[in-house]
Q: 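Have a look at this one before I ask anything.
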Amino acid sequence: MPELPEVETSRRGIEPHLVGETILHAVVRNGRLRWPVSDEIHALSDKPVLSVQRRAKYLLLELPDGWIIIHLGMSGSLRILPEDYPAQKHDHVDLVMSNGKVLRYTDPRRFGAWLWAKELEGSNVLAHLGPEPLSDAFSADYLREKSAKKKMAIKQWIMDNKLVVGVGNIYASESLFAAGIHPDRTAQSLSYAECEILVKTIKAVLLRSIEQGGTTLKDFLQSDGKPGYFAQELQVYGRAGEPCKACGAPIVTSKHGQRSTFYCRHCQH
DNA sequence: CTGGCAACCTGGTGGC
DNA sequence: TGCCACCAGGTTGCCA
């Protein structure tokens, strides 16, 4: 479920329930995630939450002596629940709060992560990440310069976290469609004008999805249990064989790396 | 350094 | 109903 808009939606959903409250302790039912849940998380006790932040697709809970770093992987989600709410099969981690609620992490595929870092700068997972897509650092000048010698397909390149973070498989296809750029184009082949358009459409697509509360695919729910509504606005993702909303030609699908790509042959060049 | 791709894990779907 | 192949929102790590 989680691309950047889903993570930001989760962040906004949980923040008011955590900041100013105290984590009494954690309950780790299954610590075998992408990496083992950090020892410091098992050992949490009586720590106030100072802030809830986000970097790329990582959620960052600031405590007085360090940071809880959470990644939702492919199938993870976070909800705020009453502390006596029964745990289900894939509910792997709870943070039990002083306000009678729990932050519950559910992740069937266990590709997610719960890590601890004393300082964010010392975190392996956050090192080497590119700029945030919604920041001024992600600009046409930047994209053009970084792409000058890249022969990689632009679809794969915009999904590379070293270039820019937060553009996942759904929004890569959606952004390229909105920009009218064919996903097979090499990164270095984009003109400056195309870099400008692509940067602009990536920001617009992500912002719009955040406004809509993320994309509902399979079972993504916001932290209050409501669905995200961006799926209704998807132009190409998951629409193979259906008519392009702009020209009526059938949307086609292909692969870049191991990931499905969706595009319109007529509208994207 | 780059690019390609297998791997991590579970569940849902569609074909036979 | 059963079995099996294949698909899925992300990221790392190993290989050539």
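Just so we're on the same page: letters track the sequence lines, and every chain starts at 1.
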Q: Can a salt bridge be assigned to the pair E15(A) and R11(A) using a cut-off of 4.0 Å between side-chain N and carboxylate O?
A: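 R11(A) and E15(A): salt-bridged.
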Q: What contact category does D107(A) fall into here, base, sugar-phosphate, or nothing, at under 4.0 angstrom with non-hydrogen atoms?
A: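 Nothing: the residue D107(A), judged by heavy atoms under 4.0 Å, touches no strand.
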Q: Answer yes or no for this row: F111(A) ring on dC8(B) base, centroids under 5.5 Å, planes under 30°.
A: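 A stacking contact exists, since F111(A) sits close and nearly parallel to the base ring of dC8(B).
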Q: Any base atoms under 4.0 Å from K89(A), or only sugar-phosphate, or nothing? Heavy atoms, all strands.
A: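 K89(A): backbone/sugar contact only, no base atoms under 4.0 Å.
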Q: Return no unless some side-chain N or O of N161(A) is found under 4.0 Å from OP1 or OP2 of dT11(C).
A: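 The answer is yes; a side-chain N or O of N161(A) sits under 4.0 Å from OP1 or OP2.
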Q: Ignoring backbone atoms, establish whether H90(A) has a side-chain N or O less than 4.0 Å from OP1 or OP2 of dG11(B).
A: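 Looking at the OP1 and OP2 atoms of dG11(B), one of them is under 4.0 Å from a side-chain N or O of H90(A).
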Q: Determine whether any donor atom in the side chain of R110(A) lies under 3.5 Å from an acceptor atom in the base of dC9(B), or the reverse, and answer yes or no.
A: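 When only heavy-atom distances are counted, R110(A) does not reach the base of dC9(B) through any donor-acceptor pair under 3.5 Å.
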Q: For a quick check of understanding: with a heavy-atom distance under 4.0 Å over all strands, which category does R259(A) fall into, base, sugar-phosphate or nothing?
A: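 Base contact.
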Q: Classify the ring geometry between F230(A) and Y171(A) as parallel (under 30°), tilted (30 to 60°) or perpendicular (over 60°).
A: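 The arrangement is tilted - the two ring planes meet at 30° to 60°.
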Q: Could you check K162(A) against G257(A) and say which one's nearest nucleotide on DNA chain B is further toward the 5' end?
A: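 The 5'-side residue here is K162(A).
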Q: Taking all heavy atoms of E233(A) and all of E174(A), pick out the closest pair and write down the distance.
A: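 Shortest heavy-atom contact: O-OE1, 4.2 Å.
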Q: Measure from the side-chain heavy atoms of K255(A) and tell me the nearest of dG3(B), dA8(C), dT12(C).
A: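 Between dG3(B), dA8(C), dT12(C), the one nearest the side chain of K255(A) would be dA8(C).
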Q: Hey, does W157(A) reach any base, or is it just sugar-phosphate, or nothing, if we go heavy atoms under 4.0 Å?
A: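 Here W157(A) touches no strand at all.
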Q: Find the distance L59(A):CG to dT11(C):P and express it as a whole number of Å.
A: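 Taking atom P of dT11(C) as the reference, CG of L59(A) is at 12 Å.
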